[in-house]
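Report on the following structure.
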Amino acid sequence: MDDVRLPLERPRRRALAWAAILVLGFAGVAGRAVASDGVRQQVDRYRSLLGRYDDSAYQGQREAADALADLGNDPARDALRSLIAEERGRGRALDRRRMVILLSALVRGGGPTEVEEAIKSVESERDAYLTTSLARILASAKDEEAREWLRGPGLRKTTPPVRAQVARALGAMADPASVVPLLGALREDDLSMRAEVLLALGETGDAEAFPSIVPFLSAPDARLREVTARALGMLGCPRGVPPLVKALEDPDRLVVESAAGALAALDAREAFEPLVARLEKEHGKDERLVAAFERALGRLSGTSLGPDPELWRAWWAENKDRGRTRSADPSAPTTVAGPRWYGLRVRSSRVAFVLDVSRSMGWNERLDTAKKELAETLRHLPPTTRFDIVIYSDKADAWSGKLVPATAENIRRAVRHVERLEPQNGTNVVDGLRFAFRNVDVDSVYLLSDGTPTAGMPVEPDEILAELRETNRWRRVRIHTVALTRGEPPGAYLATEDPLAAASFMRRIAQENEGEFREVK
């Protein structure tokens, strides 16, 4: 009977098999249709924001590009490649922020091939902003094979500038598997590469890297010592506390500042008294260091007591055996008197004020209010402060050309200079900043502008930011910014003035240079 039944069942099984194949085929077609719809939807969403240059537009495009990447299929990756080609086709009008968004998404949704594509794309553009953004692009990699490529060929076989960006990307990923290859890369002699590798090792949080990092805290080059202090703070290893306490006596101010921040990050309460001692030593001398010690003590204690070392000593005597209290926000403003500029405390003894006097500053009494604000700030500078004033329109110029002490006579002269200022011509932000950086003693800049750049070379905000990254890489000047967008522009300028873009530019300068930002409407 079995011999009779088998031939009869074969046609039925064959029919079922074909039915299954047809079902799977229709499902595949339907899946591709859904995928195609998803790709089209995100591409349309991305393109709908072209022509806008405010932060919310860029954020919307980043979300659309990331959604394409997360589809994880070839049509989505091809769509990203098409958008990249379109952007590159704009030539000199290329939008660098959008290129970073698209290349990051391509890396996010791809593997080693896409990582190499992104690197080659950046290298072919030969653009400073894209080059310094490469680490952010590469850090988007999610695929394990892509990350393995970065740890291997990326760290070994690419050009030195790319290797430094790869190291920074691996650090941003906080990737434990990168520790061994990063330790190998630490042997390179290139200063930039060593600095990026040290920071990357710190970001991994792997205590096994400590013995290889800590010797650089005694390096002859102060730049490496400063980077090492930051790396030890990020690493989170308690063994870093004693060498960092010792680094509080380093002859280089930036090393001391970074050591204080690292001790706070390590929650090193045993550093409390050494920090108070350094605060007392710098009190009334170096306001930026005083601010650094104050921040560190505030983070360790959970309270805000200002710059008076005796207040901190009294607090410590009462609380050192009690443990920390978090009842206060250490970042909250204190009642300590001192100069302020648009609400921002002037925490520096070596400061340059950089003021926009372009034609648009004549609208809505912007320049008049800015002059009054600056004059009031100048009048409150302590005598220990040294300062200069830079003004810029289509060109830039410095009031003194060097930092001068805030004596009563110098303040009077500076205020008279400010009160005579009149609006004129364009907005040359880059030369205003260059003038401020000419003085090697400047450690803090307070920059005001009411619009996006219209003069100078470069004039594109992204190119200016790229130049600042290189100029300020080792100096670490804090740049605090104000966007003065008060009132509506005259009717003839409504189509060309973009207060959202102006505020975005000022915000980005502050964010990338350890500063604070205010918008005054």
Side-chain angles (χ1 to χ4, degrees), residues 283-292 294 306-307 333-358 361-362 364-393 396-423 429 432-433 435-437 439 441-450 477-486 503 506-507 509-510 513-521:
H283 190 58
K285 297 178 183 177
D286 190 321
E287 186 59 28
R288 177 163 159 171
L289 275 182
V290 166
E294 185 184 332
T334 67
T335 58
V336 178
R340 294 179 182 271
W341 182 69
Y342 286 101
L344 303 173
R345 288 188 67 188
V346 179
R347 304 302 304 268
S348 170
S349 301
R350 311 175 185 195
V351 60
F353 298 97
V354 183
L355 183 65
D356 183 353
V357 293
S358 61
M361 285 290 288
N364 307 307
E365 300 182 333
R366 291 175 182 174
L367 184 56
D368 289 339
T369 60
K371 292 193 297 186
K372 290 177 183 176
E373 182 75 24
L374 180 53
E376 189 66 16
T377 300
L378 293 171
R379 292 188 182 104
H380 284 84
L381 292 177
T384 52
T385 302
R386 293 186 295 140
F387 74 99
D388 196 8
I389 301 165
V390 175
I391 61 168
Y392 67 94
S393 52
D397 196 13
W399 165 65
S400 172
K402 62 181 180 180
L403 295 185
V404 299
T407 62
E409 177 58 26
N410 283 337
I411 295 298
R412 280 194 293 271
R413 289 176 51 241
V415 169
R416 285 198 299 271
H417 172 74
V418 169
E419 289 174 343
R420 289 195 294 265
L421 297 174
E422 296 292 338
V429 176
L433 288 166
F435 264 77
F437 272 76
N439 193 308
D441 288 334
V442 168
D443 66 17
S444 299
V445 167
Y446 290 79
L447 168 69
L448 180 143
S449 183
D450 73 334
V477 172
R478 293 183 186 271
I479 307 179
H480 309 276
T481 60
V482 167
L484 184 57
T485 58
R486 174 176 291 152
M506 288 294 105
R507 182 184 294 109
I509 289 177
N513 294 278
E514 302 180 76
E516 295 181 82
F517 164 76
R518 293 283 187 277
E519 182 174 8
V520 180
K521 297 182 179 181

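- Shown here are the side chain to side chain donor-acceptor pair (under 3.5 Å) partners of Glu514, two or more places apart in sequence or in another chain: Arg476.
- Scored by the side chain to side chain donor-acceptor pair (under 3.5 Å) test, Arg366 finds Asp450 as partners (sequence neighbours excluded).
- Judged as a side-chain contact (heavy atoms from CB on, under 4.5 Å), and not counting sequence neighbours, the contacts of Asn439 are Lys402, Leu403, Asp441, Val442.
- When the side-chain contact (heavy atoms from CB on, under 4.5 Å) test is applied to Asp368, the partners found at least two apart in sequence or on another chain are Glu365, Lys371.
- Every residue meeting the side-chain contact (heavy atoms from CB on, under 4.5 Å) condition with Ser449, not counting sequence neighbours, appears here in chain and number order: Asp356, Tyr392, Thr427, Val429, Met506.
- Remark: of the listed residues Val477, Leu447, Asn513, Leu447 is the sole one forming a side-chain contact (heavy atoms from CB on, under 4.5 Å) with Leu433.
- Minimum interatomic distance between Asn410 and Pro405 (heavy atoms only, all atoms of both residues): ND2-O, 2.8 Å.
- Residues Val290 and Lys285 are not in side-chain contact: their nearest non-hydrogen atoms beyond the backbone lie 4.5 Å or more apart.
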**OP:** Given side chain to side chain donor-acceptor pair (under 3.5 Å), test Arg486 with Thr369 step by step and report yes or no.
**Re:** CA-CA 10 Å; Arg486 174 176 291 152; Thr369 60; 3.2 Å; yes
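- Shown here for Ala510 and Phe517, the closest heavy-atom pair between the two residues is CB-CB, 4.0 Å.
- Contact between Ala436 and Val390 at its shortest, heavy atoms only, is N-CG2, 4.1 Å.
- Evaluation of the side-chain contact (heavy atoms from CB on, under 4.5 Å) rule for Ala370 yields Tyr342, Leu355, Met361, Leu448, Leu484 as partners, not counting sequence neighbours.
- The structure places CG of Asp286 at 10.0 Å from OG1 of Thr385, a figure rounded to the nearest 0.5 Å.
- If you check the side chains of Thr485 and Glu519, you find a donor sitting under 3.5 Å from an acceptor.
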Atom pairs and distances, donor-acceptor, side-chain atoms in residues 375-383, under 3.5 Å, two or more places apart:
{"unit_1": "Thr377", "atom_1": "OG1", "unit_2": "Arg340", "atom_2": "O", "d": "2.7"}
{"unit_1": "Thr377", "atom_1": "OG1", "unit_2": "Glu373", "atom_2": "O", "d": "3.0"}
{"unit_1": "His380", "atom_1": "ND1", "unit_2": "Glu376", "atom_2": "O", "d": "2.9"}

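- By the side chain to side chain donor-acceptor pair (under 3.5 Å) test, Glu516 is found to be paired with no residue, residues two or more places apart in sequence or in another chain being considered.
- Residues Val404 and Ser400 approach most closely at CG1-OG, 3.3 Å, considering heavy atoms.
- Closest heavy-atom contact between His283 and Pro307: ND1-O, 3.4 Å.
- Taking the side chain to side chain donor-acceptor pair (under 3.5 Å) definition, one finds that Arg288 meets it with Glu257, sequence neighbours left out.
- For Leu367 against Leu421, the heavy-atom pair with the smallest separation is CD2-O, 3.9 Å.
- Rounding to the nearest 0.5 angstrom, the gap separating the CH2 atom in Trp399 from the CD1 atom in Ile391 is 12.5 Å.
- Each of Arg478, Glu287, Arg350 was checked for a side-chain contact (heavy atoms from CB on, under 4.5 Å) with Ser444, and the lone residue meeting it is Arg478.
- By the 4.5 Å heavy-atom criterion applied to side chains, Ile479 and Phe437 are counted as neighbours.
- In this structure, the salt bridge (charged side-chain N to carboxylate O under 4.0 Å, His left out) partners of Arg507, at least two apart in sequence or on a different chain, are Asp55.
- For Tyr446, the ring-ring contact (aromatic ring centres under 6.0 Å, His included) criterion is met by Trp341, Phe353, His480, not counting sequence neighbours.
- Applying the salt bridge (charged side-chain N to carboxylate O under 4.0 Å, His left out) rule to Asp443 yields the partners Arg253; only residues at least two apart in sequence or on another chain are considered.
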